[in-house]
There are 2 protein chains.
Amino acid sequence: MLTLDQVARLSGVSRTTVSRVINNSPHVRPATRDKVWRVIQETGFQPNLVARSLAAGRTRMIGLLIPRPVTNLFNDPYFSVVIQAVASACNAHDYSVTLWLAEPTFERHMARRLLNQTLVDGVIVSSAQLDDPVLHALIDSKRPCVVIGRHAASDCLSYIDVDNRGGAFAAVRHLIDLGRQRIALISGPRNTAPGLDRHEGYREALAQAGLPYDSALAEESDFTYEGGCQAMRRLLNQHPDAVFAGGDILAVAALHVIHGAGLKVPEQVAVVGFDDLGLAVSARPPLTTIRQPVHQSGSLAVETLIDLIDHPEHKPRHLVLPTELIVRTSCGARCAQVSDVNCRSTGLETA
Amino acid sequence: MLTLDQVARLSGVSRTTVSRVINNSPHVRPATRDKVWRVIQETGFQPNLVARSLAAGRTRMIGLLIPRPVTNLFNDPYFSVVIQAVASACNAHDYSVTLWLAEPTFERHMARRLLNQTLVDGVIVSSAQLDDPVLHALIDSKRPCVVIGRHAASDCLSYIDVDNRGGAFAAVRHLIDLGRQRIALISGPRNTAPGLDRHEGYREALAQAGLPYDSALAEESDFTYEGGCQAMRRLLNQHPDAVFAGGDILAVAALHVIHGAGLKVPEQVAVVGFDDLGLAVSARPPLTTIRQPVHQSGSLAVETLIDLIDHPEHKPRHLVLPTELIVRTSCGARCAQVSDVNCRSTGLETA
DNA sequence: GTGAAAGCGCTAACAG
DNA sequence: CTGTTAGCGCTTTCAC
């Protein structure tokens, strides 16, 4: 493989000049530049990124850390979308991503490694538990870092969150407006921000409507289909007339258990989910849900991080993106015929 | 941040010795080793990976390239599982992954970049189109490379494939054994290996049973929910009594369209899918499907690649992993009550 | 504008 | 067993 020196020799200039050319330095005479470019084209020279990184002190690579819930990755498109958004934004900014899926076994090992990892210029952390120690370690490391989602200690960190509380509030409020009275909740783990915040929104909406909060109606689950099924089975004993599930996968699980019990959705039990990442459109009946801008979170995280890498002196940036109620048929607001509507993502409408 | 030199000075040895210690060289006296380790512990020294990579000529990092179908990432858990499997296997072998999600715009740009990318020791390519030029470029680059899935030119490349043809054959055979006569197909694009090979398996099974191949019953689609819906709508005019969908997401789409037309699954139309990555268990009714070992493909790909990195002289390795028929209720082989069974992944059984 | 020289922080012969 | 000596391939002052 070619080196700068060889290209320099071939084009009759110094290594420095070639370096300037490939880095688009303005201080090169056009004629020289052309001459060098020609050789680069002919030889297909590509600079050695490792060497470049060492000399420049920057790798143009960021780390994407997804701490816990490896199992969720299977069914829940959330992380797919995050990963895709981050990768895509990195592409656009000429950065690379390296992916760290933390597994329990490697947790400590990794935390250490990534902190002093000089192979990345910064890191994005997605969906930590509220008390995840990794984040504290990251803060201590002084390394540029952006969190996707909220975290107990994230005030001193930049983060991009979505309005989980507001979304949950809107979901429950919607059910109340439709006349539902016994509204159950299936939430994610309350030691995670989405679990906690959506729970809050649920309580608030009940409170504002003067409805009692009944802890027997508020199930805590994990974000898995199986967990959702179990929670819903317990809830059936409480005879709810509506369920707000803090995640579409939980909502889908709820739908199935409800159907399995011979009840009708939305007539007997209305269901509203949270996410709108694809599961919702293809559920039966199509899910009314809260859309969260996951893709946007990802790209904003990348942009925020790059800004932080370029300007370490910048203050932490805190963004909370709005969520949006998407009304379909699982809530009973309207009962579209089971036809084309299910199959088009363009069939989505805002209430 | 500390350097080897400083650690060397602090522990009163040479830089080389410290290097030996952190690389577990056996040629260090235990006493010296301990002395150095103590300093490393106290100072929290972490070697600079970029410098190490430059000197050693290896980065311990591999690239995972997912060429085309970015859109699929949203709904289809296939890529989630691949990504997760690869990341996890890398973890286990003390490698890192960098993720390249090829977007149309960046295709050419990327191909170039990744080929001469000295930042990775090798690359894994997942799910290319059969004629994807990226693969030819990779072959030319002489860089260690493993393909997940089959490819037109992959004989000179190592690959890990699953038995798509055999799986499709088993699926259709199963339907035939259940007495179905007008068996439709919804396949993925035929310029992809899974699209093509599952189509082949379908034809073979028909042929072996003496059933005619009717091209009006064999729909080509993409691997999206919407595509599956459209294909199924066209198929309804042909009045099939069974559908083999070459992907669970297509099968789920088929289910919905069939239901939407007022037909019963499996009584009037039996459905069998392909993948078994989570969608199948949570479909209504639970999908009979062909399970493909995606996770295993990922880890084998990593192991094969690492072997190739360590031993570039090794011959390309070709693995085809077996698939497995998983019988649930959508095919009519048995009609379990809609109860717990849907919610347990342990409820899976082999026919 | 261009080049010479000095590293970036580490590994790897080669001596001792 | 340990240290000395060269680099790995590039960027970056600093002169000219």
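Bear in mind that the values here come from a model prediction, so they are computed numbers and not experimental data. Note that these values count all heavy atoms, side chains included, but never hydrogens, waters or copies made by symmetry.
- Looking at Thr98(B) and Thr98(A), their side chains never bring a donor and an acceptor atom within 3.5 Å of each other.
- Rounding to the nearest 0.5 Å gives a distance of 9.0 Å between CD1 of Ile306(A) and CG of Asp94(A).
- Proximity note for Arg15(A) (side chain, C-beta onward) versus dG9(C), dA6(C), dT13(D): the nearest is dA6(C).
- In this entry the distance linking CG of Leu49(A) with P of dC10(D) reads 9 Å, nearest Å.
- Following rounding to the nearest Å, Arg60(B) (CZ) and dC10(C) (C1') show an atom-to-atom distance of 16 Å.
- For dT2(D), neither phosphate oxygen OP1 nor OP2 lies less than 4.0 angstrom from any side-chain nitrogen or oxygen of Thr17(B).
- Residue side chain Thr16(A) reaches the base of dA4(C) through a donor-acceptor N/O pair under 3.5 Å, judged by distance alone.
- Considering only side-chain atoms of Arg20(B), the nucleotide from dC10(D), dT2(D), dC10(C) that sits closest is dT2(D).
- Between the side chain of Asp121(A) and the main chain of Arg58(A), no donor-acceptor pair closer than 3.5 Å is present.
- Rounding to whole angstrom units, CD of residue Gln46(A) and C1' of dG9(D) are separated by 14 Å.
- In this structure, of dG9(C), dT2(D), dC10(D), it is dT2(D) that holds the atom nearest to the side chain of Val28(B).
- Residue-to-nucleotide proximity on DNA chain D shows that, of Arg33(B) and Leu54(A), the 5′-proximal contact is made by Arg33(B).
- At the phosphate of dG3(C), OP1 or OP2 sits under 4.0 Å from a side-chain N or O atom of Ser14(A).
- Taking atom NE2 of residue His27(B) and atom P of nucleotide dT11(C), one finds them 15 Å apart after rounding to whole Å.
- In this structure, of dT11(C), dT2(D), dC10(D), it is dT11(C) that holds the atom nearest to the side chain of Ile22(B).
- Between the CG atom of Leu2(B) and the P atom of dC10(C) there is a distance of 9 Å, given to the nearest Å.
- Counting any heavy atom pair closer than 4.0 Å across all strands shown, Thr3(B) reaches sugar-phosphate atoms only and no base atom.
- For the atom pair Ile148(A) CD1 and Leu305(A) CG, the distance stands at 10.0 Å (nearest 0.5 Å).
- Between the CG atom of Asn23(A) and the P atom of dT13(D) there is a distance of 13 Å, given to the nearest Å.
- OP1 or OP2 of dT2(C) lies within a sub-4.0 Å distance of a side-chain N or O belonging to Thr32(A).
- Between atom CG of residue Leu277(B) and atom CD of residue Gln292(B) there is a gap of 6.0 Å, rounded to the nearest 0.5 Å.
- Look at Arg29(B) and you'll find a side-chain N or O under 4.0 angstrom from OP1 or OP2 of dT2(D).
- Backbone-only contact: Val13(B) has heavy atoms under 4.0 Å from sugar-phosphate atoms and none from a base.
- The side chain to side chain donor-acceptor pair (under 3.5 Å) test applied to His136(B) returns no partner, not counting sequence neighbours.
- With values rounded to the nearest 0.5 angstrom, Arg38(B) atom CZ is found 11.5 Å from Ile40(B) atom CD1.
- Taking 4.0 angstrom as the limit, Arg52(A) places none of its side-chain polar atoms (N or O) nearer than this to OP1 or OP2 of dG9(D).
- Rounded to the nearest 0.5 angstrom, Arg52(A) CZ and Gln46(A) CD are separated by 9.5 Å.
- Distance CG (Asp5(B)) to C1' (dC10(C)): 9 Å, rounded to an integer number of Å.
- One finds no side-chain N or O of Asn48(B) lying less than 4.0 angstrom from the OP1 or OP2 phosphate oxygen of dC8(C).
- Protein atom NZ of Lys35(A) is 15 Å distant from nucleotide atom P of dG1(C), rounded to whole Å.
- With the end axes of the helix from dG1(C)-dC16(D) to dG16(C)-dC1(D) each set by five pairs, the angle from one to the other reads 30° at 10° resolution.
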